Structure formats: structure tokens, C-alpha cells
Enquirer: 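One structure follows; several queries about it will come next.
Remember, predicted model here, so these are calculated numbers, not experimental data.
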Amino acid sequence: MFRDRFWLSFALTVPVVIWSAHIQELLGYRAPAFPGSDWIGAVLSTVVFIYGGLVFLQGAWRELRSRLPGMMTLISLAITVAFLFSWVVQLGLIDAAALWWELATLVTIMLLGHWIEMRSINQAEGALKELAKLLPDIATRITDGGEEKVAVSALQNGDLLLVRPGESVPADGVVRKGESDVNEAMITGESRPVKKREGDEVIAATINGEGSLRVEVTGTGEKTKLSGIMRLVADAQKSKSRAQHLADRAARLLTFVAIAAAAITIVVWQSVGAAIDFSVVRMVTVLVIACPHALGLAVPLVVAISTTLGARNGLLVRDRRGLEEARNLDTVIFDKTGTLTLGEFRVVAMSVADGLAEDEALRIASGIEAESEHPIARGIVKTAQDKGIDVPVAEGFRAITGKGVAATIAGTEYHMGGPALLKAENVQVPQALLEAAKAAADSGRAAIYLVREGKALAVYTVADAIREESREAITALHERGIEVAMLTGDAQAVADAVARELGIDTVFAEVLPEDKASKVRELQAQGKKVAMIGDGVNDAPALATADIGIAIGAGADVAVEAGHIVLVRSDPRDIPRIITLSRATYRKMIQNLWWAAGYNIFAIPLAAGVLAPWGILLTPAVGAILMSASTVVVAINAQLLKRAKL
């Protein structure tokens, strides 16, 4: 709209400027004269005022009706004064110079400024709109009769889809057959493709790699993760931060200051004997140059860019106040299970007898435990798979009640179990394995032995495995001067072992779910600014109690709803990234607010004509250019936020 109105207004303004007596005298030329040429300025400027200026007049009416005068009120006041004054002059009611060319150029430049502003905001929000375009229109559905092409909008939960190499995933789902690497960078910010096997989840709009996948649909349309991301970002951009409230108050104050300054300007110039047209031009210039345009754009544009930048890096801001306050954090509390750890058993340490390689010991153990459904057994098997070790086929698998399991691999019988197995079978255990088992017991972890012919060959320490990313996250937080605490319902020994390994400062162990929020309040009572990171239902009260609640997106919906910020990935390294984004965002907000408000300290007196004795005067059009230039500076400065390294 602003673009279209600008071009037509610009076309009409050109002849107004060419036939302006003031411009002809200034540039020393004579425009062609013909019957009615004296009315070119009046007629065309009136069209520009009505057509181009209507959007400002409507905006002013809305501001005044809501009792919040601002930018549109100042612009409308300026162009209306210029319009009415010029017609009074045109009709010969007073002897002065009409302001037709000033009026036309003012409206045209203001339209250009708004067009640039709208483009900046659209570009800031456009990255997310680009995500929506990644969703394909057509999907390949597998039925009893074969394959069929269907519209993505027609998909339903339970449909089985074929996703060929290089195709976008049409809907959220679970892999039922096939194996491939999937590029999830556009959703999670993870640059490396993610391996997907049977049972793994896939996200709509991500790109399949070289393998073929059969995916069962679990979410379509508004229920996909992509749609959820779009909604969260839209909500975040609507929510107002403290900086935005400050900018709004400053813009309203500047509006009243500008109107007062304009009134003082015309009174002063008239009192010193200036011509009425000169005084009106000064007043109009003050109104134009003081428009809180840049001030109104200073914070929203930064927010639009920061929320989009966060979303593209897997950081979803549900409430902008959370992002704004993250810069002040001095304590971060992590829930342990599922946040710092995988929430699944893995072999976290192992010790082997002489003559046996660790990978071989793990291969044998995974083969023995492959048919067991016990969580520890599954953890041993998953550890072998994570390391790319082929799990051998075992024969004669059997459970030994209360002691462990037994199975035969390549003709050799093995047993696996804990201390009860050692006692029952009178197993010989090398000293190194005994020491490894004791270390596991001291840290509250399970120790499982591999036994052959009455002799222990290896001992496996099995526990909830620490995420590889957790170490980097804790180190990064410490580098930012932030204390790290851990909250868990696990035994003190288990919690202390994890804390020692990660370098965590404070440990709250054996905490009941209903007591987690009280631990947050305990730290807040010490004057600390606390963030809580969690992923489960029992974390929701603590997330809501903390100054900033950060929910792991892979966790329970209630935890996500309780958080100010949601992490798409279950990656603790995103916590320091949030703090980096918060500090960069706040820095840009303050820079923009200072520029947008500060330039008026010089601009308003200059527009009022304080330098007139030295021959320096600004026309309304030049005032509009300076005002628009300040808006462009604010917009460019906000765009520089995109360079922030998260």
C-alpha cells in the first residue's frame, strides 16, 4: 500500500516542484506558463494530500480515538496545517507564499519512509515465512493398492507415507521402515544431518537424505512442530517487553514535546516580526522532524529480528520478557534427567580383563542382552549400536532369577549379572574389575559383570548417560560468570557423581517433584536471578516460579507451556546461546532508543530555526528526509543483529 501510494504521489509531486515559484527562483529557471499553470501546485498537491496523506489521517484518528497520540498524529497535524494554510494563501485571504511543494514532497517522503519501514519488518519476519514454504504440497501415501499422490492437507494421523531421497517430509511422524540422514537445520538449527531409524520421529518440512523412509503420520496441519514454532514466534512478537513499554512512553512524551515546541516556534517567530508563511513553515518542520517514527520502530524491529534469529537456531521465545531478562541471569538450574542426561541407560564406563578388547567385550555383552527387556540390558545394547558395533546373534538365552542372564555366542556360554551372580557362581574377579565395580557403587551406579567359565572378563558401569553437549554448556555458562545448579530426585551419590563430572556448583538431590519450586525460591531469596531448565510435567511449577523458565521442546507439553523460552532441541548448549541472544538484543534496543530519541535534542531546535541568523534553515521536506534518515539508521542497526554469533 505504501509503495503504491508513494509512486503515484511521487509522479504528482514532480510537476508541483517544477512549477513551484520558490524552486524556480532557487534554481534560476522558468517553467512553461499556460492558462491554469498557477493552479498546478494547488490541484496536484490536494490530490497528493487526499490520496497519499489519507493513511496518515486515518492513523491519527485511531491514535486520538484511543487517546494515544503519536507519530501519525504529528504527521497529520503537519500536513493538515500546510494544506489549510496553502489554500488560505491560494484563495488570496492572506498575503504569503503557499506551501504546495513542501506539502507534496512531505507526504511523498513520509510514504517512502513508511514503505522502507514495512519492508524492514517484513524482511525480519520473512525467514519464518520461508520455513512454511518448505512444506510440500503433495505427499506419497502408501495404501493396500500401492502408492498414491495426495494433497498434504488431506493427510490424516495413521497414514503411511513414502519419503524418497531429497524430498521434504510432508508431516510430523514416526519412521516405520528405512534408514536415512535427515536435515533438520531449518527447524532445530542443527547443522549436521540427523540419523533416522525405525521408531525415530521426523518433523514436517525437514529434508530427507539419501535413504528412503516409510513414515507413519502423527501430526498434520496446525498440529505439526513447524506450525507450533510459527505460533510461538507470532505470540512472542505480539508480547511487549519492558523496553517496548519504555519506547511507547517515550514516543508519547515526544509527541507532546513536539506539539509544544511547534506552538512555541510559531509564537516566537511571530513575536519577532517574521512573515506568517515563514512561521508556519518553521512550525510544520518542527512537527515533521520530531515524529517519533524511529522511536516507534526501535524496539519492534529488533524484537522481530531477534525472535526470528532465535527460532532459526532452535530457540523459541514464548514471552519476550523472558528473553529480555535472560541477560541478567546469574544462576541457572538444570533438571538432571532428560536435560543434562539422556534419560536412558548407557554404559558410561567399563573395565576389561587382560587380553580382551573393550569393543569386543561390549559386542559380546550386547549380544547376550539383546533379547532382554530390562532397561539396563537395553542400555548396553544401545551403547554398542551408538558405537557402530554389530550386535551378534545369541543362542539359548535364559534368565537366571535374581542373578542375571545367560546365553551362548559363537559356541561359548557367557553369564551377565551383578554381585548376586558372582556369589552364586563363585566367580573369580580380577582386582582391577573389583575396583571399577566399587567406584560404580560409590557413585550410585549399577555394575554388571561379564562371566565366562567362572571368571569375570569385564565389568560395565551402567547409568543414565550424560549428554556430550552438557559439558560444553556448563563451561560456556561459567565463562559468562553464571553459577550452575542441578535439581534431581536421584540419590545424593548419583547426583554428586554427575555434578563432579560436569563441574556443577550446587546440587539439590533427593528432591520430590512438589519441592522443586521451593528450591528455586530458595535461590531467589538469596537475591539471585534464576533460570530453570526442565522437560517434564513435574518441572512445570519450578519453570513457572523461576525468573525465566526454559522448557526443553522434546519434553511434556505442560512444561513447554510453563516456559518463557522453548528449546526445539534437547541441547543444553542452547542455554548460553539464549543469554548471548538476550545480551545482543538488549544492546541493539538501547542503541536504537538512544539514537531515535537523542537525535531530537539537535533536530527540534534546528527545525525551529535557531540557526536562521546564520542562514541555516530546514524546509519541511528536508525535515522529513532527516526524520526518515533516522528511521533508516535504526532499521540498519537492527538488521546488524543478524550477525550475532549464537
Enquirer: For the residue pair Leu342 and Asp464, what are the closest heavy atoms and their distance?
Expert: N-OD1, 3.6 Å
Enquirer: Closest approach of Arg471 and Leu502, non-hydrogen atoms and distance?
Expert: CG-CD2, 3.5 Å
Enquirer: So with a 6.0 Å cut-off around CD of Glu201, is the heavy-atom count from everything else above 12?
Expert: no
Enquirer: Any side-chain heavy-atom pair from Glu369 and Val405 closer than 4.5 angstrom?
Expert: yes
Enquirer: Salt bridge between Glu344 and Arg346, side-chain N to carboxylate O under 4.0 Å?
Expert: yes
Enquirer: Could you tell me whether the side chains of Asn208 and Ser180 share a donor-acceptor contact shorter than 3.5 Å?
Expert: yes
Enquirer: Below 4.0 angstrom, N of the basic side chain to O of the carboxylate: do Lys195 and Glu179 qualify?
Expert: yes
Enquirer: Can you check whether Leu329 reaches Ile548 side chain to side chain, under 4.5 Å on heavy atoms?
Expert: yes
Enquirer: Taking the side chain as every heavy atom from C-beta outward, state whether Thr461 and Val347 have any atom pair closer than 4.5 Å.
Expert: no
Enquirer: I'd like to know whether Val217 forms a side-chain contact (heavy atoms from CB on, under 4.5 Å) with Asp172, so could you lay out the CA-CA distance, the side-chain angles of the two residues, the decisive distance to 0.1 Å, and finally the verdict.
Expert: CA-CA 6 Å; Val217 176; Asp172 289 355; over 6 Å; no
Enquirer: If only side-chain N and O atoms count, and only distance matters, is there a donor-acceptor pair under 3.5 Å linking Gln639 with Lys642?
Expert: yes
Enquirer: Would you say that Met532 contacts Phe334 through its side chain, given a criterion of any heavy-atom pair below 4.5 Å between the two side chains?
Expert: no
Enquirer: Given 3.5 Å as the limit, does a donor-acceptor pair link the side chain of Thr206 with the main chain of Val202, or not?
Expert: no
Enquirer: If I take atom CG from residue Leu487 and atom OG1 from residue Thr506, how far apart are they, to the nearest 0.5 angstrom?
Expert: 11.0 Å
Enquirer: Assess the side chains of Glu324 and Ser582: does a donor N or O sit below 3.5 Å from an acceptor N or O?
Expert: no
Enquirer: Below 4.0 angstrom, N of the basic side chain to O of the carboxylate: do Asp571 and Arg467 qualify?
Expert: no
Enquirer: Which atom pair, heavy atoms only, marks the closest approach of Val352 to Ala458?
Expert: CG1-CB, 3.9 Å
Enquirer: Kindly determine whether Lys529 and Glu325 satisfy salt bridge (charged side-chain N to carboxylate O under 4.0 Å, His left out), including the steps that lead there.
Expert: CA-CA 9 Å; Lys529 199 80 170 178; Glu325 291 299 317; 3.2 Å; yes
Enquirer: Applying salt bridge (charged side-chain N to carboxylate O under 4.0 Å, His left out) to Asp490 and Lys336, what does each step give before you reach the verdict?
Expert: CA-CA 9 Å; Asp490 285 353; Lys336 182 184 81 70; 2.8 Å; yes
Enquirer: Where do Asp335 and Gly534 come nearest, in terms of heavy atoms and distance?
Expert: CB-CA, 4.0 Å
Enquirer: Is any side-chain N of the basic residue among Asp574 and Arg577 closer than 4.0 Å to the acidic one's carboxylate O?
Expert: yes
Enquirer: Can Val494 and Ser443 be said to form a side-chain contact (heavy atoms from CB on, under 4.5 Å), step by step?
Expert: CA-CA 5 Å; Val494 175; Ser443 61; over 6 Å; no
Enquirer: Could you check whether Arg480 and Thr580, counting side-chain N and O atoms only, form a donor-acceptor pair closer than 3.5 Å?
Expert: yes
Enquirer: Can Arg500 and Asp496 be counted as an ion pair, charged N to O under 4.0 angstrom?
Expert: no
Enquirer: Are there more than 12 heavy atoms of other residues, nucleotides or ligands under 6.0 Å from atom NZ of Lys403?
Expert: no
Enquirer: So if I apply the side chain to side chain contact (heavy atoms under 4.5 Å, CB included) rule between Gln591 and each of Val302, Leu640, Asn637, which one comes out positive?
Expert: Asn637
Enquirer: So Asp505 and His478, do their side chains get closer than 4.5 Å, heavy atoms only?
Expert: yes
Enquirer: If you compare all heavy atoms of Val391 against all heavy atoms of Ser366, which two are closest, and at what distance to 0.1 Å?
Expert: CG1-O, 3.6 Å
Enquirer: Any side-chain to backbone donor/acceptor pair from Ser470 onto Ile466? Under 3.5 Å, distance only.
Expert: no
Enquirer: Nearest 0.5 Å, what's the NZ-CG distance between Lys387 and Leu362?
Expert: 6.0 Å
Enquirer: Checking side chain to side chain contact (heavy atoms under 4.5 Å, CB included) between Leu340 and each of Ile504, Ile533, Thr488, which is the one that passes?
Expert: Ile504
Enquirer: Between Lys438 and Asp442, does a salt bridge (charged side-chain N to carboxylate O under 4.0 Å, His left out) hold up when you go through it step by step?
Expert: CA-CA 6 Å; Lys438 184 178 183 302; Asp442 289 345; 3.1 Å; yes
Enquirer: Give the C-alpha distance, both sets of side-chain angles, the deciding distance and a yes or no for side-chain contact (heavy atoms from CB on, under 4.5 Å) between Glu472 and Thr475.
Expert: CA-CA 5 Å; Glu472 284 184 53; Thr475 300; 5.8 Å; no
Enquirer: Checking side-chain polar atoms at under 3.5 Å, does His564 have a donor or acceptor matched by the opposite partner on Asp547?
Expert: no
Enquirer: CG of Asn328 to OH of Tyr586: how many Å apart, nearest 0.5 Å?
Expert: 7.5 Å
Enquirer: What heavy-atom pair brings Arg378 and Ala370 nearest, and what distance separates the two atoms?
Expert: NH1-O, 3.1 Å
Enquirer: Side chains of Val462 and Val348: does their closest heavy-atom pair fall under 4.5 Å?
Expert: no
Enquirer: Is any side-chain heavy atom of Gln524 closer than 4.5 Å to a side-chain heavy atom of Thr331?
Expert: no
Enquirer: As a quick check of understanding, evaluate salt bridge (charged side-chain N to carboxylate O under 4.0 Å, His left out) for Arg445 and Glu501, giving each step before the final call.
Expert: CA-CA 14 Å; Arg445 294 167 169 173; Glu501 194 166 339; 3.6 Å; yes
